[in-house]
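Structure first, then comments.
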Amino acid sequence: MGSLDLKDEGGIAKRMWDKFQNERALALYSPFVVGLASGTLDPKSFLHCISQDVYFLQAFAQAYGLAEEYADDDEDKEAIVKLRKRVLKRFRNQDALIREWGFEPPKESTCDNATLKYTEFLKETASGKVGDEKFSVKIVTPFEKTKLAAYTLSAISPCMRLYSFISEEIQSLLDPEETEHIYKKWLNSLSSNKFEESASRIEDLLDKLSISLTGEELGVVERLYHRAMKLELDFIWSQSVDQHSIVPFSRLPNIAEENLIIFCDFDLTCTAIDSSALLAELAIVASTNGCELQSADIRTTWTNLFGQYINEYQQCIESITFNEVKVSEGLNYEGLCKALEQISNFEKKANLRVIESNALKALDLEDIKRAGERLTFQDGCKRFFQDVVESKNCVTEVHVLSYCWCGDLIKSAFSSGELNMMNVHSNDLVYEECISTGKMISKMESPMDKLQTFKDIITKKRDKALTVYVGGSVGDLLCLLEADIGIVIGTSTSLIKLGNNFGVSFVPLFSGLLSKQREFAENGKLNRKGRCSSVLYTVFSWDEIYAFILGNGYSSLNSLVLEKELL
C-alpha cells in the first residue's frame, strides 16, 4: 500500500477518506445496508446491529479518555473532553434514542466477534500498542503522547465518517417526502448536525495532531485508519439478515437451479491500456529486427492507422446520434441494432486496413505472451476473477469477449493460477514458426459478433442461465442489454451517448439494487423481466462488482493483509 502524497489538498483525514473510497463503497453492497436502504431489513436484524453500539460507545469513551491524557494542548484536551461527553451521553440515552427511532430496545445483547475485533483494536491503539511499537504512557515524552493521540483518533475517525457516508448515500435515493421508510428516523440521526459536527471535529483534531509527525509516523496513521475502516466493514458485512437478499449475487437462494455465467469485455474493461496499442508497440520493436519496414516507417504507419480510426469512429457515432430521432420513450432495440450494424461495418473495415498494411507482421509469439503476462489490469479486476474461478460458489463459467487482435495476448494475461480456465473469444494472429505473418483470423470484430457469441453460449445450456455482463464500450451495448445484469464500468462517453439516444437508462448499481431487493424480499426469487431490459447499471470500480457478486471476501482478505502490515 503506497503512502499518502502530502502535497494533496486538504488535511490528512480527508486525504485518507478520499484514498480509500473504493473500500468505503463496499459497505453499500452488504446485505445489511441493501436491506436497510430498501426498507426490507427485518427489524430484529436492525435491533441486533444497534445493540452493538453499547460496546462501541464504551470503547470510544475509554479511547477518548486516554487521548485526553496524551494531548499536550489545552484546546485539544477540551475538544476531546467534549467528544467523550457526547459519547457518554449517547451511551446513557441509548434506549431512549431507539424508542425515538420507532423501536423497542432489546432486553439484552452479547458482543459480536466483529464488534470485539474492532473494540480490542481501538483499546490497544489507545493504550500505545501499535504493531511493534509498544509505548508506556508513564514514560513517553510530550511529543510521543501527541503521537499517541493522533494514532487513537485515526482509529476512530473512519467509523464516524463511514456511517455518515452510508446515511447520505441512502438518503439521496429516498424521496424527501418519504415518511413510511421504517429506518428513516435512524438515518436522519446519522445525518444530523450533531453527528456531522462530531465527525468533523475528530477529523480536524487528527489533522492538527498529525502536523508534526514524521513521514514514517504518518504511515502508521494511515495504516491505523485503513485498519479501522476494514474492521468496520467486516462488522457491517457480518450482520445477519433474516430476509432474502439480492447480494451477494452469487449466493441467491435459487441460483443452484441455474447456471450463473459471467461475461466480460477485455480492453479498458479489464486492462488499463488498449491491447491494440500494446501490439502496435511490439510491432514497432520487432521492425528493428529484420522486418521489411524500418522502425520509423512502421511507427508512422501505426500513427496513421490509429488517427484514421479515431476520426472515423467519432464521425460514425455522431452520424448515428444526429440522424436518429427518438419516436417514443423506452428502449428502441431495433434501432440500436441497426446503428450497431453500421459500427460493425466500420470496425471490420478498420481491421482490414490493419491487415493490408502488414503492420502486425514479424511479431514473436513468445514476446506477445511475455507482454500479456506483464499487462496492467484495472485495480481489483484480476483479484475478482481469481476468486471467481477458485471459489466454490455457483459461478459456473467465465467468458471474455474481445475485439483484441490476438487471443494469445489475453490468454497469457490470465495465465496465472486457475485463470487459464477462463474462456476467451477473440481474433487470432496467423503464425509461421511462431512469427506472425501480418494476417488475422477474424472471429470477433464487431458488436454483432459479440452478440452472436453471447447468444450461442447461452443457447448451448440445457438448464437456465443467469447472466452477468461487464463491459465498458459501445461494442458491449447489445450484450449488456441481453444479460440479466448488465454492468457498465468506466466512463465511455460514446457508450452513454449512443445508449441514451436509443432509450437505454444508466443507473448506479447500488441504486438499481434497491428496487430489485424489494421484489426479491417479497417472493424470494429474482424477477427476470426477459431479455433486453432498458436498464444498465454503472460502477466506478471492480471492487463494487466484487462486493455485489462475491460478497465480503475482499474485506476479509485485506483485513488479514493489514494485520500483517501493523505487526
Side-chain angles (χ1 to χ4, degrees), residues 262-279 305-306 308-321 324 331-354 378 381 399-407 409-410 423-428 440-458 467-483 485-502 504 506 531-532 536-539:
I262 296 177
F263 295 85
C264 187
D265 179 35
F266 184 67
D267 286 321
L268 302 180
T269 294
C270 292
T271 66
I273 64 171
D274 192 284
S275 64
S276 59
L278 177 59
L279 289 168
L305 286 169
F306 284 133
Q308 186 176 357
Y309 177 88
I310 292 171
N311 289 334
E312 293 184 2
Y313 178 81
Q314 291 174 343
Q315 291 173 11
C316 185
I317 295 294
E318 289 173 4
S319 174
I320 291 170
T321 54
E324 175 64 27
L331 178 64
N332 181 1
Y333 186 76
E334 182 179 350
L336 180 59
C337 286
K338 289 180 179 179
L340 289 173
E341 285 175 357
Q342 295 181 46
I343 295 175
S344 294
N345 293 332
F346 159 77
E347 294 284 2
K348 290 178 180 180
K349 288 178 181 179
N351 276 352
L352 183 60
R353 283 198 299 269
V354 173
Q378 298 282 358
C381 175
H399 294 268
V400 178
L401 278 57
S402 174
Y403 290 171
C404 179
W405 295 322
C406 181
L409 181 72
I410 300 176
N423 302 282
V424 175
H425 310 269
S426 69
N427 305 297
D428 288 305
M440 184 192 307
I441 302 173
S442 301
K443 297 182 290 185
M444 186 75 66
E445 297 185 278
S446 70
M448 309 314 292
D449 290 341
K450 282 193 173 186
L451 178 63
Q452 189 59 54
T453 301
F454 179 93
K455 288 184 174 181
D456 288 345
I457 293 168
I458 301 302
T467 57
V468 175
Y469 191 101
V470 181
S473 66
V474 166
D476 299 310
L477 255 175
L478 293 177
C479 292
L480 286 164
L481 290 167
E482 288 279 347
I485 301 290
I487 300 177
V488 177
I489 186 168
T491 55
S492 170
T493 55
S494 297
L495 185 152
I496 301 296
K497 184 177 181 180
L498 191 65
N500 285 334
N501 203 74
F502 290 91
V504 178
F506 297 90
R531 303 298 181 195
C532 302
L536 298 180
Y537 303 104
T538 59
V539 297

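Positions are given from 1 along the sequence.
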Compare every heavy atom of [Y] with every heavy atom of [X], then report the nearest pair and how far apart it is.
X: C270; Y: C264; result: SG-SG, 3.5 Å
X: F454; Y: C479; result: CB-SG, 3.8 Å
X: F346; Y: C316; result: CB-SG, 4.5 Å
X: G471; Y: L480; result: N-CD2, 3.9 Å

I would like to know whether V424 and S402 meet side chain to side chain contact (heavy atoms under 4.5 Å, CB included); could you show each step before the answer? CA-CA 8 Å; V424 175; S402 174; over 6 Å; no

What's the separation between atom [atom1] in [X] and atom [atom2] in [Y], rounded to the nearest 0.5 Å?
X: L498; Y: I320; atom1: CG; atom2: CD1; answer: 6.0 Å
X: F502; Y: E334; atom1: CZ; atom2: CD; answer: 11.0 Å
X: I496; Y: T538; atom1: CD1; atom2: OG1; answer: 7.0 Å
X: Y537; Y: I487; atom1: OH; atom2: CD1; answer: 9.5 Å
X: F266; Y: C381; atom1: CZ; atom2: SG; answer: 8.5 Å
X: N423; Y: T453; atom1: CG; atom2: OG1; answer: 12.0 Å

Could I get the full list of salt bridge (charged side-chain N to carboxylate O under 4.0 Å, His left out) partners for D428, not counting sequence neighbours? K443

[X] versus [Y]: any side-chain heavy-atom pair under 4.5 Å?
X: L536; Y: V504; value: yes
X: V470; Y: D265; value: no
X: V354; Y: W405; value: yes
X: L279; Y: C406; value: yes
X: M448; Y: L478; value: yes

Applying side-chain contact (heavy atoms from CB on, under 4.5 Å) to K349 and not counting sequence neighbours gives none

Across all chains, not counting sequence neighbours, the side-chain contact (heavy atoms from CB on, under 4.5 Å) partners of E445 are K348, N351, N427, S442, D449

Partner residues of [X] under the side chain to side chain donor-acceptor pair (under 3.5 Å) criterion, sequence neighbours left out:
X: D267; result: S275
X: E347; result: Y309
X: H425; result: H399
X: Y469; result: D476

Under 3.5 Å, is there a donor-acceptor pair between the Q314 and E318 side chains? no

Looking just at side-chain N and O atoms, do D456 and Q452 make a donor-acceptor pair shorter than 3.5 Å? yes

Are E482 and K450 close enough, and set up right, to give a salt bridge (Lys or Arg N to Asp or Glu O under 4.0 Å), and what steps lead you there? CA-CA 11 Å; E482 288 279 347; K450 282 193 173 186; over 6 Å; no

Say whether, by atom type as modelled, one donor and one acceptor occur between the side chain of S494 and the main chain of V474 under 3.5 angstrom. no

Just by modelled atom types, is the Q315 backbone N or O under 3.5 Å from a matching donor or acceptor in the S319 side chain? no

Can you list everything that forms a ring pair (Phe, Tyr, Trp, His ring centres under 6.0 Å) with F506? Sequence neighbours excluded, please. none

Report, one line per pair, each donor and acceptor closer than 3.5 Å where one atom sits in a side chain of residues 336-345; sequence neighbours left out.
| from | atom 1 | to | atom 2 | distance (Å) |
| --- | --- | --- | --- | --- |
| S344 | OG | L340 | O | 2.8 |
| S344 | OG | S446 | OG | 3.4 |
| N345 | ND2 | E341 | O | 3.3 |

